[in-house]
Enquirer: 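Before anything else, here's the structure in question.
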Amino acid sequence: PEFLSVVWDSGLVREQIERVARTSAGIYKIAQPDLEQIWLPLPSTNEISRIVEHLTEQNSVLRRNLDVLNAVSLRASRLRQSILKLAFEGRLVPQDPKDESASVLLERIRAAREAGAVASPKPEGARKRRAGRGKG
């Protein structure tokens with residue numbers, strides 16, 4: 001059964017099925033006479049056993065690799081969160097005690113804006129064009 005499952009899902013069989021399948025409203029159908037014409041490779045019983053054994057081993061390796069990948073992905077996500085937390089706390093790099101704190105800097109900017117000393121920067125492309133005047 002394992003061998004038949006692998007062969008049935010193979011590109012060789014899939015191409016044969018798609019050639020004769022008909023669709024109606026997005027549902028594919030295949031007639032019994034067409035199904036009887038599908039060619040399936042049929043090696044010896046010993047070879048089938050070896051193929052299934054090899055596929056079982058490969059699936060086991062694949063499952064272990066996926067488990068490792070999921071664990072590494074979870075760890076990377078947690079590390080990313082830790083790095084962002086440290087960055088926002090100002091503990092990612094050594095701090096210079098002479099540097100102004102962010103809260104003091106923001107307060108100074110806010111006060112300057114209220115006093116009219118600092119104009120708010122406009123985003124690029126925010127300039128209005130006069131009607132009737134184009135480029136060129």
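The shown structure was predicted, so the numbers you read here are calculated from the model rather than taken from an experiment. Quick note: residue numbers are just sequence positions, from 1.
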Enquirer: Table please: side-chain donor-acceptor pairs of residues 96-109 below 3.5 Å, with sequence neighbours left out.
Expert:
residue : atom : partner : partner atom : Å
D96     : OD1  : K98     : N            : 3.0
E100    : OE1  : R108    : NH2          : 2.9
E100    : OE2  : R108    : NE           : 3.1
S101    : OG   : S103    : OG           : 3.2
S101    : OG   : V104    : N            : 3.3
E107    : OE1  : R110    : NH1          : 2.8

Enquirer: To the closest 0.5 Å, what do you measure between CG (L42) and CG (L4)?
Expert: 9.5 Å
Enquirer: Work out which heavy atom in A21 is nearest to a heavy atom in Y28; give both atom names and the distance.
Expert: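 Looks like CB-CD2, 4.2 Å.
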Enquirer: Would a 4.5 Å heavy-atom cut-off, applied to side chains only, mark Q58 and L62 as touching?
Expert: no
Enquirer: Just how far is it from atom CD of Q16 to atom CG of L35, taken to the nearest 0.5 Å?
Expert: 10.5 Å
Enquirer: Quick one: which of N46, V52, I51 gives a side chain to side chain contact (heavy atoms under 4.5 Å, CB included) with I48?
Expert: V52
Enquirer: Using atom types as modelled and distance alone, determine if a side-chain donor or acceptor of N70 lies under 3.5 Å from a backbone N or O of L66.
Expert: yes
Enquirer: Could you list the donor-acceptor pairs under 3.5 angstrom formed between side-chain atoms of residues 77-87 and any protein atom two or more places apart in sequence or on another chain?
Expert:
residue : atom : partner : partner atom : Å
S82     : OG   : R78     : O            : 3.1
K85     : NZ   : E89     : OE2          : 2.8

Enquirer: Considering all heavy atoms of both residues, which atom of P33 and which atom of Q37 are nearest to each other, and what is their separation?
Expert: O-CG, 3.3 Å
Enquirer: Locate the shortest heavy-atom distance separating L40 from V7; write the atom from each residue and the value.
Expert: CD2-CG1, 3.9 Å
Enquirer: Treating S49 as the side-chain partner and T45 as the backbone partner, does any N or O pair qualify as donor plus acceptor under 3.5 Å?
Expert: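 Yes; at least one donor-acceptor contact below 3.5 Å.
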Enquirer: Can you measure from CD1 (I30) to CZ (R19) and round to the nearest 0.5 angstrom?
Expert: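 CZ of R19 is found 10.5 Å from CD1 of I30.
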Enquirer: To check you understand the geometry: which heavy-atom pair defines the closest contact between F3 and P43, and what is its length?
Expert: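 Heavy atoms only, the tightest pair is CZ-CD, 3.4 Å.
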Enquirer: Quick one: CG on N59 to NE2 on H54, what's the gap to the nearest 0.5 Å?
Expert: 9.5 Å
Enquirer: Other hydrophobic cluster members with W39, side-chain heavy atoms of Ile/Leu/Val/Met/Phe/Trp/Tyr under 4.5 Å, chained?
Expert: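 L12, all in the cluster of W39.
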Enquirer: Would you check if there is a donor-acceptor pair between the side chains of S10 and R14 at a distance under 3.5 Å?
Expert: no
